[in-house]
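Let me begin by presenting the structure, written as structure tokens, before commenting on it.
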Amino acid sequence: MSKKYDSSSIKILEGLEAVRKRPGMYIGSTDTRGLHHLVWEIVDNAIDEALNGYGDEINVILNDDNSVSIIDYGRGIPVDLHESGIPAVQVIFTKLHAGGKFGGGEYKTSGGLHGVGSSVVNALSTRVDLEIARDGFMWEQSFYDGGLHVSKLVKGKKTKKTGTKVTFFPDASIFSTTNYNYKTIVKRLQESAFLNSGLKVTIEDKRDYKYEEFQYEDGIVEFINHLLGSKKAISKPIVFKNSSKDIEVEIGIIYNDSYNEEIVSFVNNVRTLDGGTHESGFKAGLTRAINDYAKNNNLLKAKERNLEGGDVREGLIAVISIKIPEDILQFEGQTKSKLGTPEARAITENIISQGLGFHFDQNKNETIKIISKAIKSRDARLAAKKARLEARKGKNSKKEVILSGKLTPAQSKIALEREIFLVEGDSAGGSAKQGRNRKFQAILPLRGKVVNTEKARLEDILKNEELATIINTLGASVGTDFDLSGIQYGKIIIMTDADTDEAHIQILLLTFFYRYMRPLIENGYIYMAQPPLYKVSTFDNKQVEYAWDENGLNKALKKFKKKYYIQRYKGLGEMDATQLWETTMDPTKRVLIRVTIDDIINAEKEVNILMGDDVPKRREWIENNIDFNQEDNFQI
Ligand code: 28G
């Protein structure tokens, strides 16, 4: 490359080179998450423009060539010449840290990694096309190969409109996938519409045509109602809005009759998955308000200990949205997803405790319902603690011996090397026991009923024999006591039938892990075994192939020269020990699916829908809300 660059353009290219060299530094990762980050960057710029009061609609289009277009109806990115002699828009797209908006007293609403947006997206795209309507004309400019090549800014037709359209093509040599997920984008856009009342957001998928639009007049109330879904509310939606200094806080809460808590927090419209000062302030304020009311109104005796945070959050759904000016914005943690700004704590705590104190006085009946629920939760917590202590005391009791008798242990002394198969049914358990590699594979057959943990408190869960056995066997305790360091296995593999609509036990186990041992899912310990659906063999059994789906079956059939026989497995029980080992348990041949949670909100919502009796939706839940990552890619 021997092109002539002036000094300022060399700097520019170096800037974007840095992004291409270490994309993770700018967008977190180059997997599907990082890929979606490109959309968030551009969408956030479009939303910022609308929040500044210019335009009230954003359109997102997933084009069928895997490019993404985003349109706003704001002022249009400035096209006039920057002091360096190149158009401002070109500076914004090719110069690092000169993102969407800066200086000028504008309120930058995006948090965390945002703010370097447009140029980072350009650096990681093979092509970016801009169409800007501004100053009475259309303007076009394109960037190629991560911003390495730039077309001239072209002034086009006259127009009375204003706004910006950005189309980018993610670079397939950087991202492990360039396939955008409609659902992921819809979820985030809907969230933006909830958090910015009045803003209209549309999404169009041209690959497999879909269209949705979101616009909420009272966003926070509609957000908590959305999170409530089909759960039964025991309070009205309660909302608070206030600001102090330059910090604005908006909080919405609603109580429902389930035993879960769901708090979703945002800073400057960006999810703070790991919470932070705003969330801890909220929790402290909520606990204080409830204890104050309970004591003052004799719902708790003066001598009684205060309710704990977990007690008062049972059945709570909350949305916390806080806006903080750039200069005091601080994030913590590896993923920069935890708010650090200290001022946010006291402000949030005061808003919720004062607001709730007032609300409680105005709504006595509802308040009594909320507080009785918290008291019941406390009682259940104390009862569960007692049950756990007794279980621990009785280590050598008769029951304990029976429990551990179910387990066929592995020989290895190294916990992380061991795998445990949770197997449904006795006959499959027997085959698994015979077929396994005894050095590192343990088998725990599940016979009895697994309780639906969505509808039970910890107290009842500990009474359920199957779950109690699992808890004991895994060795890391349960619920708030869960401690990953105690875990006795490196892989926990759920092995159930491949082809039943009643994959019920799978769902029950996943729900249990999700609610009571979530770090196991978050840290990638939970897997699902994939038994094959078909066995194809010659009549003399000299040639045997297995297939996991129709596609695999067709491939397998092509391998046969002689007459063959196809067996369709109806359940694990139909496989003998050797077959089970060869197809489902042998680490060199099996297909394991690692269960991860990509989307807590959706999982929460749909776990509830599902476990609240909707049988046909179970399959959909597995497919849509738990992210299946193929662990071993064994293909026949
Ligand atoms: C469609 C997808 C993404 C944007 C604007 C509008 C302005 C702007 C963007 O200015 C530079 C620095 C501070 C003023 C601002 C237009 C003021 C006047 C803008 C977008 C100039 C950035 N006229 N719309 N950037 N500022 N939309 N949508 O990115 O001093 S970025």
Side-chain angles (χ1 to χ4, degrees), residues 12 27 36-63 67-111 113-125 127-143 147 153 155 159-170 180 185 188-189 192-193 196 199-204 213 268-270 325-327:
I12 289 164
I27 52 158
H36 287 81
H37 209 99
L38 302 184
V39 177
W40 316 148
E41 291 286 357
I42 303 297
V43 164
D44 284 351
N45 289 338
I47 291 180
D48 279 354
E49 184 63 5
L51 291 188
N52 280 326
Y54 304 97
D56 46 17
E57 180 171 340
I58 312 293
N59 312 123
V60 177
I61 304 160
L62 306 178
N63 300 306
S67 68
V68 181
S69 299
I70 293 143
I71 302 168
D72 72 39
Y73 301 87
R75 293 164 292 183
I77 303 179
V79 290
D80 50 323
L81 293 190
H82 181 254
E83 56 199 23
S84 60
I86 51 177
V89 53
Q90 185 175 336
V91 175
I92 287 170
F93 274 81
T94 55
K95 202 172 147 106
L96 211 49
H97 300 299
K101 268 136 280 165
F102 44 83
E106 282 174 293
Y107 192 59
K108 180 80 185 96
T109 53
S110 301
L113 297 161
H114 301 283
V116 286
S118 311
S119 59
V120 168
V121 172
N122 190 17
L124 303 174
S125 299
R127 177 173 150 200
V128 175
D129 295 332
L130 301 181
E131 287 171 47
I132 296 165
R134 188 183 163 93
D135 301 336
F137 289 92
M138 295 297 306
W139 304 80
E140 290 186 10
Q141 188 167 35
S142 294
F143 305 87
L153 175 69
K155 186 176 180 177
T159 180
K160 287 198 175 112
K161 295 182 187 142
T162 63
T164 302
K165 177 175 180 180
V166 178
T167 301
F168 65 89
F169 296 72
Y180 278 105
I185 294 175
R188 169 85 175 226
L189 294 179
S192 298
N196 301 293
L199 178 69
K200 179 171 173 184
V201 185
T202 74
I203 165 100
E204 184 180 5
E213 55 182 56
N268 297 348
N269 288 329
V270 177
E326 280 249 79
D327 53 324

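Counting starts at 1 for both ligands and their atoms, in listed order. Scope of the values below: all heavy atoms of this structure, side chains included, with no hydrogens, waters or symmetry mates.
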* To do: Side-chain contact test, heavy atoms from C-beta onward, threshold under 4.5 Å: evaluate it for Glu49 versus Thr164 and give yes or no.
  => no
* With atoms numbered from 1 as shown, which atoms in ligand 1 lie under 4.0 angstrom from a non-hydrogen atom of Ala46? -> 2 (C), 3 (C), 28 (N)
* Of the choices Thr164, Asp72, Asn59, which has the non-hydrogen atom that lies closest to atom 27 (N) of ligand 1? -> Asp72
* **Phe137 side chain reached by Val79 side chain, heavy atoms, under 4.5 Å** => no
* **Pick from Ser69, Ala50, Pro78: the one approaching atom 19 (C) of ligand 1 most closely through a non-hydrogen atom** => Pro78
* Does ligand 1 have any atom sitting under 4.0 Å from a heavy atom of Gly74? -> no
* Cut-off 3.5 Å, side chains only: do Ser118 and Asn45 have a donor facing an acceptor? -> yes
* To do: Between Val43 and ligand 1, find which residue part has any heavy-atom pair under 4.0 Å and reply side chain, backbone, both or neither.
  => neither
* To do: For Asn269 and Asp44, test the side chains for any donor-to-acceptor distance below 3.5 angstrom and give the result as yes or no.
  => no
* Asked: Residues two or more places apart in sequence or in another chain: which of them pass side chain to side chain donor-acceptor pair (under 3.5 Å) with Tyr73?
  -> Asn59
* Asked: In terms of atom number and element, which parts of ligand 1 are under 4.0 angstrom from non-hydrogen atoms of Arg134?
  -> 16 (C), 23 (N)
* Given Asp135, Asn52, Ile70, which one has a non-hydrogen atom that is nearest to atom 1 (C) of ligand 1? -> Ile70
* Output yes when a side-chain donor or acceptor of Arg134 lies under 3.5 Å from a complementary backbone atom of Arg75, and no otherwise. => yes
* To do: Determine whether any heavy atom of Ile92 lies closer than 4.0 Å to an atom of ligand 1.
  => yes
* Asked: So is Gly76 in contact with ligand 1, going by heavy-atom distances below 4.0 Å?
  -> yes
* Pick, from Ile77, Asp44, Val79, the option with the minimum heavy-atom distance to atom 9 (C) of ligand 1. => Ile77
* Could you label the plane-to-plane angle of the Phe93 and Phe143 rings as parallel, tilted or perpendicular, counting under 30° as parallel and over 60° as perpendicular? => parallel
